[in-house]
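Here the structure is laid out as structure tokens; the discussion comes afterwards.
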Amino acid sequence: MKAALHVEWTKLRTVAGTAWLVAAVVLLTSALGVAASAACAGTGCGDPTKTSLTGIAFGQAVVAVLAVLAVSGEYGTGMIRVTFAALPRRSAVLAAKGAVVGAVVLVAGAAAVLVSVSVGRGVSSEVSALSSADVRAAVGSVLYLVLVGLLSLGVATVVRDAAAAVGVVLGLLYLFPIVAAVVSDPDWFRRLQRISPMTAGLAVQATTNVDRLPISPWAGLGVLGLWAAGALLAGGVALRLRDA
């Protein structure tokens with residue numbers, strides 16, 4: 001496993017696009033969060049912390065691309081055959097990819113959330129001390145991005161093609177809320193919100209009116225965790241059953 005981690009870290013950090021994608025995660029997430037906080041600075045925000053974390057919903061798309069390319073890039077070039085020849089245990093390779101991608105997204109997400117919350121609260125004139133709910137929203141947002149990265153990694157392992165994998169991930173994240181919005185039955189609307197990886201996962205950002213949410217904050221993040229675990233499990237099975 002140590003060798004697999006070293007290999008995957010070397011591959012990820014030496015790819016030219018990785019640094020740009022990590023920078024995009026930080027800049028896009030924090031910039032949109034600060035802009036959202038500034039937009040409601042004069043009128044007041046119902047949930048200032050959640051508003052400052054608005055950029056997470058958009059930065060996740062860059063995270064998805066970063067995680068997908070960690071797998072599909074090797075299949076596109078044929079390098080995956082070299083990887084499996086050097087590291088025959090395919091489950092260890094997938095675990096190492098998940099650990100490396102998760103660590104990179106964790107660092108980028110933490111930086112983006114730190115800037116978003118600190119600058120966003122200052123822009124919106126929110127100077128009160130951080131509450132436990134605020135801390136939960138910030139930490140949960142970082143974990144949300146990590147889980148999106150792992151979900152994307154699992155999907156890419158199954159699909160292999162970069163464009164198709166990104167399309168599947170973005171469809172799972174963004175289409176669920178759209179489908180739920182056109183459902184007229186309130187019970188089904190609530191059910192769809194509870195199983196939607198994005199809607200349920202982002203419930204962790206709420207710091208006010210938590211009792212009105214379709215699912216509790218940590219349970220919602222758990223739903224996204226189940227989606228990520230399912231995708232990684234499917235990816236592991238696909239690696240064992242298919243040729244490189």
Side-chain angles (χ1 to χ4, degrees), residues 28-29 32-33 35-37 39-40 43-65 67-68 109 113 116 131-134 136-159 163-235 237-238:
L28 179 63
T29 302
L32 291 177
S37 296
C40 63
T43 58
C45 301
D47 191 336
T49 301
K50 183 177 180 180
T51 300
S52 69
L53 294 169
T54 300
I56 296 291
F58 300 92
Q60 66 181 348
V62 185
V63 170
V65 173
V68 165
V113 167
S116 298
S131 66
S132 59
D134 295 326
R136 183 251 299 151
V139 173
S141 294
V142 177
L143 296 178
Y144 175 89
L145 290 178
V146 172
L147 290 174
V148 168
L150 296 179
L151 169 65
S152 305
L153 191 73
V155 171
T157 306
V158 175
V159 178
V166 171
V168 170
V169 173
L170 296 186
L172 287 173
L173 294 175
Y174 295 114
L175 285 183
F176 256 105
I178 296 174
V179 172
V182 300
V183 173
S184 57
D185 188 290
D187 292 333
W188 273 104
F189 173 74
R190 195 173 183 84
R191 290 191 188 100
L192 288 174
Q193 286 188 311
R194 287 175 175 174
I195 64 173
S196 165
M198 177 176 169
T199 305
L202 289 179
V204 77
Q205 294 182 344
T207 63
T208 61
N209 300 319
V210 176
D211 56 325
R212 298 181 185 177
L213 296 173
I215 190 170
S216 64
W218 288 119
L221 195 65
V223 169
L224 177 59
L226 289 176
W227 278 94
L232 289 173
L233 179 61
V237 172

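Here, residue 1 is the first one in the sequence, and each next residue gets the next number. The shown structure was predicted, so the numbers you read here are calculated from the model rather than taken from an experiment.
- The structure places CG of Leu32 at 12.0 Å from OG of Ser52, a figure rounded to the nearest 0.5 Å.
- Using a distance-only test at 3.5 Å, with no hydrogens or angles considered, a donor-acceptor pair links the side chain of Asp185 to the main chain of Trp188.
- Listed by chain and residue number, Arg190, Pro214, Ile215 satisfy the side-chain contact (heavy atoms from CB on, under 4.5 Å) test with Arg194 (two or more places apart in sequence, or in another chain).
- Looking at every heavy atom in both residues, Asp47 comes nearest to Gln205 through OD2-O, 4.2 Å.
- Atom CD of residue Gln193 and atom CZ of residue Phe176 lie 12.0 Å apart, to the nearest 0.5 angstrom.
- Here the side chains of Asp134 and Ser131 are in contact, with some heavy-atom distance below 4.5 Å.
- Counting only heavy atoms from C-beta outward, the side chains of Gln60 and Leu151 never approach each other to under 4.5 Å.
- Taken to the nearest 0.5 Å, the CG atom of Leu233 stands 11.5 Å off from the CG atom of Leu226.
- A pairwise comparison of heavy atoms in Thr207 and Val210 identifies C-CG2, 4.2 Å as the closest pair.
- Between the Trp227 side chain and the Ile195 main chain, a donor and an acceptor come within less than 3.5 Å of each other.
- Evaluation of the side-chain contact (heavy atoms from CB on, under 4.5 Å) rule for Thr157 yields Val71, Leu94, Leu239 as partners, not counting sequence neighbours.
- No side-chain heavy atom of Thr208 sits less than 4.5 Å from a side-chain heavy atom of Thr49.
- With values rounded to the nearest 0.5 angstrom, Leu143 atom CG is found 6.0 Å from Trp218 atom CH2.
- Shown here for Leu221 and Leu147, the closest heavy-atom pair between the two residues is O-CD1, 3.7 Å.
- Under the 3.5 Å distance criterion, the side-chain polar atoms of Arg136 are matched with a main-chain donor or acceptor of Ala206.
- The side-chain contact (heavy atoms from CB on, under 4.5 Å) test applied to Val62 returns Leu21, Ala24, Val25, Leu28, not counting sequence neighbours.
- For the residue pair Ala67 and Gly149, the shortest heavy atom distance occurs at CB-O, 3.2 Å.
- For the atom pair CD1 of Ile178 and CG of Leu192, the computed distance is 13.0 Å after rounding to the nearest 0.5 Å.
- Of all heavy-atom pairs between Ala228 and Leu150, the closest is CB-CB, 4.2 Å.
- Interatomic distance, CG of Leu213 versus CG of Leu202, reported as 11.0 Å (0.5 Å rounding).
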Practice item. Test Thr29 against Phe58 for side-chain contact (heavy atoms from CB on, under 4.5 Å), laying out the working first. Key: CA-CA 7 Å; Thr29 302; Phe58 300 92; over 6 Å; no
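- Here the closest heavy-atom approach between residue Ala231 and residue Val155 is recorded as CB-N, 4.0 Å.
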